[in-house]
Every structure is written in C-alpha cells, then in structure tokens.
Amino acid sequence: MSRIAKQPVELPKGVEFQQSGNVVTIKGGNGSLSMDVNSEVQIGQDEGVLNISPRSGSKFAIAMSGTTRALLANMVTGVA
C-alpha cells in the first residue's frame, strides 16, 4: 500500500465529514468542499480521523488511495 495512504487524516474541531455514495463532503468554518471519490478507494471514519484504503490490491487502487488521502487532507486544511 502507498505510504501516503497509511497516514490518517485528522479532522480538527468544527470540521464535519459526510459520505453519500462516492461523493465526499467536508464542511468547516471557511465553507464546504465536495469531491467524487473513485470506487476503488474506501474511506472509514473513527472518532475524528479518516482512514483511506484501497478496495483491491491493484496498482491503480493503491495509487488512487494515496491521491485521495492527499486531496482529503488538503480539503480539510481549506475548510478549517
């Protein structure tokens, strides 16, 4: 798995995460951002921490999990 995807994304206080199908929305004090997530990537939430993992062992899924983690971290920074 990608080394980037192994790092969790911490949600600061006041930032909310919602997932509806393949659409992820992050809301915070500076607004709201949403993004379509590839179906090869799985996102889990535990007590203010987002965990990203590939659904399969393919190279594409592993690459997309790292990319998705980086994009989500930037979204959290933007709304916080």
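In this chain, residues are counted from 1 in sequence order.
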* **Inter- and intrachain pairs under side-chain hydrogen bond (donor to acceptor under 3.5 Å, both in side chains), touching residues 29-50, at least two apart** => Glu40-Ser56
* To do: Working to the nearest 0.5 Å, report the span between OG of Ser65 and CD1 of Ile43.
  => 10.5 Å
Could you pull out all donor-acceptor pairs under 3.5 Å where a side-chain atom in residues 10-27 meets a protein atom, sequence neighbours excluded?
residue	atom	partner	partner atom	Å
Gln19	NE2	Gly21	O	3.4

* Asked: With the 4.5 Å side-chain cut-off for hydrophobic clustering, are Val41 and Met35 part of the same group?
  -> yes
Which atom pairs, one a donor and one an acceptor, fall under 3.5 Å between side chains of residues 70-80 and the rest of the protein, sequence neighbours left out?
residue	atom	partner	partner atom	Å
Asn74	ND2	Ala70	O	3.4
Thr77	OG1	Ala73	O	3.0

